[in-house]
Amino acid sequence: MLTRNIQDLPTVYDARETEENIYKFWEENEMFKADAKSQKPPYSIVIPPPNVTGVLHMGHALDETLQDILVRYHRMSGYETLWVPGTDHAGIATQNVVEKKLREKGISRYDLGREKFLEETWDWANAHKSRILDQCKRLGASFDRSRERFTFDEGCSNAVKEVFVKLYEKGLIYKGKYIVNWCPRCRSAISDVETEYVTEHGHMWEISYPLKNESGAIIVATTRPETIFGDVAIAVHPQDHKYSELIGKKVIVPLSGREIPIIADEYVDRNFGTGAVKITPAHDPNDFEVGKRHGLKPIWVIDGEGKMKACGEVPPELHGLDRYEAREKVVGMLSYEKFLLRTREHEHNVGKCQRCGTTIEPLLSEQWFVKMKPLAEEAIAAVKDGRIKFIPERWEKNYLGWMENIRDWCISRQLWWGHQIPAYHHKVTGEMIVAKENPDPNVWEQETDVLDTWFSSGLWPFSTMGWPNIDSDDFKKFYPTTTLVTGFDIIFFWVARMITMGLEFTQKAPFSTVYIHGLIRDEKGQKMSKSKGNTIDPVEIIDKYGCDALRFTMTSLCTYGGQDIKISDERFEYGRNFANKIWNASRFVLMNLDDVDNSNIDLSKLTIADKWILDKLNSVAKEINEDIKNYRIGETAHVLYDFFWNYYCDWYVEIAKVQLKDESLKLNTQRVLRYVLDMSLRLLHPIMPHITERVWQLIPHTEDTLVSAKKGNNSAIMLAPYPVYREDLVFTKEAKEMELVFETIKSLRNVRQTFNIPMNLNFNIEIRATEDEKPIFEAIESYVKRMAKVDSVTYEDESVPQPPKSATAVVFGSKIIIPLENLIDLDTEVQRQKKKVDKLIAECKSLEARINNPKFMANAPVELVEQTKLRIAEIKDQEARIMSLISNLS
RNA sequence: GGGCGUUUAGCUCAGUUGGUAGAGCGUCUCCCUUACAAGGAGAGGGUCGCGAGUUCGAGUCUCCCAACGCCCACCA
């Protein structure tokens, strides 16, 4: 167990020990569990379900961290907060993994048969199911594990059937023969978005098709000569004079002997290739359209495995040959028979299967589709009218552009792992029905195809909430969800489909905000991938630097524009160092709270420094709340880092050391130290949950605080109210006056450094202060003494001559003189002062240029003019005093 | 072909109502001062990609160009 003894806390923060114990503490007390019966306003997020067989990668780490930040922030801000975890059955991806395992054993899925194979895959999925979500625990994810879902579980499957049947009944799902992207390796159709195009070097072959019954030929350019056996026509442009004579005539397909017509179609580009195209409707999407227009029957010559079909159209020596081998052979044959006229190098885009990288074979086959146009209308409207907002906004354009040109979605997959399509064929009559319930299995046989994985993930925001049961507590309380957090790479795959389906089936947008973040890349900006070997394992980073360090670093790298994030191992030192800083500052505070009472700060007894830090904290709290609401999450990391390190640690804690020595100030200083630490930890908690909880548990809290953060018998920072702006903690005047402390101390430190004065030699200083500034100097004397190593402070009148061998710091309207006797080199001091003057002169010059510009005086806002004048006066004043100093020295 | 993003200190990047440029890392000096060397103190470092325009004033708004990156469409 974690020690509660302050003296035993290690000087270096031990992330590993802390994180494990703290997460257990939250889980054991069920602090992530949402209450659907709560009266609090709801805040809900559904996780983008990672693949069930997946392993946690940096992309998840970022995505989960951002969700957790939002969830923790809202939970602390008084919302009933639900974060639904779960996994995706990931049709092709999972099936591929299992098939690979089988292949290692020398068997294929066909050897097992569908039923056995599914059993095998279920076993595999169940075995890995909890792995990735368990890894998310190491990220500190505060999701509600009691509500964990799986896209292939009973409830989700039920939702899938419901949706399928309803869409079918509405005529929005249809089955038909169309050209689809076919992956010969997966032996399945895939959708357009699952096809990625890459530019490849290839060849363009010009082939001569002799005219029938007369001399002459038409020359056709193709990149795919092996499909020649599937040719059903040659097409030319109707206005192409080169070929107008030939339209309607017939040619003989080389190597085949079949006769095909020459047809005219607008589709043909006169200027490309030879201006004549061979039409192969079974194996090319454009050709399919042309063929349909001209009533030509397609001829299949390539099968589902990408091999030449053993049919009458294809010469026997090519039967069963792989499409690429066949291509080579065909080229050879064409060349031998003198049909091949020319071979050219050619660059073209080739479609690849997103899952396995295999070159797509456009294939005419019978598939199921969702008619998207009617569904897209509402999905477009919802974004246009602001029911759904994208952050950053530019993704809206991207989404709308895609939606407005949407094409039908091919949802059937010739796989086994997935939701089997709820359509049934009559064994005798062949009649087909679509139904939620399986009719008599003796008579009806279910469709063998399964659905695209994204079909079920498209229902995720409501299928996880109990839909189609719209009376379920979760659906009523937590649907629609609030925010969806994801990367831009799945806007089309997932976000667009959730919006479409959500609107269609719940009449509500499934979420109101889509928060899109950048993608994680390696330090060179390359996408991380296993094959490139440039991945960084988040679990390793957590082991090495700690979860909070990982989270903080990644958060700090998130920009408002959602730029991609480049990371390297060393970058996480940033977060680790900050965690260590928090740890040690906390240790200091805790060590000095040993005899603190249990009360709140006495606001009537605050010192100027107390007021300053409270004022700063207050404005930080205000800013952080605004930033999170506006999804400027990276900014919150920077603001908190700056506040905690550069304000609280560097200045307030040092000042507190002085105040703690003063018995009259000690008690209230302890309270301020504790209060600011407590609030800082709360502000930081969404980003760095573990360390903040760990420290918070060690703070001797007031009774109010403990009650406000209580669940059962325990209080926790993760349940404590998030700090908000407080009117009673605004101390503008004191905050401004503290600048004098900083300027004074910095100036004295500069003098010490410039003249190499050792730390163990203290200064005696003389202050010549203005009337306004003198009382402030008196109030802050003790801070200056300790922090700038000053022994004595005396106040002199400006008329008293300055000691000849002294350095001088001009601070605001006042002058601080440091007599240095033989320690000072007057030339150096002159140089030092000159540098200051130069800076002032430069600033003054540009300001005066403004004032002297009548247009500026006429157009600029009055406050700015006033401010500028004031600043000039200030500069002039300082400048004059430094100049007189210099002349005295020289 | 269409669209989007990026270009700011040696490196990685912040910088939303236009008002004299910031951080982290790195560099140079000094310091183990009883929270922290994963630390403290001080210092140096930028004509904000190029060109023009709007404006009293532009890193910030408009246009052009360049380089790099991404997305969509696609030619057989």
> Do K835(A) side-chain and A43(B) base share a donor-acceptor contact under 3.5 Å?
Replying inline: no

> Whom does U47(B) pair with, Watson-Crick or G-U wobble, provided both distances fall under 3.5 Å?
Replying inline: none

> Which part of the nucleic acid, if any, lies within contact of Y574(A), taking any heavy atom under 4.0 Å across all strands shown: a base, the sugar-phosphate backbone alone, or nothing?
Replying inline: sugar-phosphate

> What integer distance in Å separates Q753(A):CD from U29(B):C1'?
Replying inline: 6 Å

>> I'd like to know if R576(A) reaches the base of A38(B) with its side chain such that a donor and an acceptor end up less than 3.5 angstrom apart.
In response: yes

> With a 4.0 Å cut-off on heavy atoms, is V589(A) in touch with a base, just the backbone sugar-phosphate, or nothing at all?
Replying inline: nothing

> Given that both distances must come in under 3.5 Å, which nucleotide forms a Watson-Crick or G-U wobble pair with A58(B)?
Replying inline: none

>> For G22(B), give the paired nucleotide (Watson-Crick: N1-N3 plus N6-O4 or O6-N4; G-U: N1-O2 and O6-N3; both under 3.5 Å), or none.
In response: C13(B)

> Paired with C4(B): which nucleotide, if any, by Watson-Crick or G-U wobble criteria at under 3.5 Å for both distances?
Replying inline: G69(B)

>> Can a donor-acceptor pair be found, under 3.5 Å and without considering hydrogens, that links the side chain of R752(A) to the backbone of P758(A)?
In response: yes

> With rounding to whole Å, what would you report as the distance between G15(B) and G24(B) at their C1' atoms?
Replying inline: 15 Å

> Y197(A) near the nucleic acid: base, sugar-phosphate alone, or nothing, with a heavy-atom cut-off under 4.0 Å?
Replying inline: base

> So, does the side chain of N580(A) form a donor-acceptor pair with the base of C36(B) at under 3.5 Å?
Replying inline: no

> Can you find a donor-acceptor pair, distance only, under 3.5 Å between Q563(A) side chain and A14(B) base?
Replying inline: no

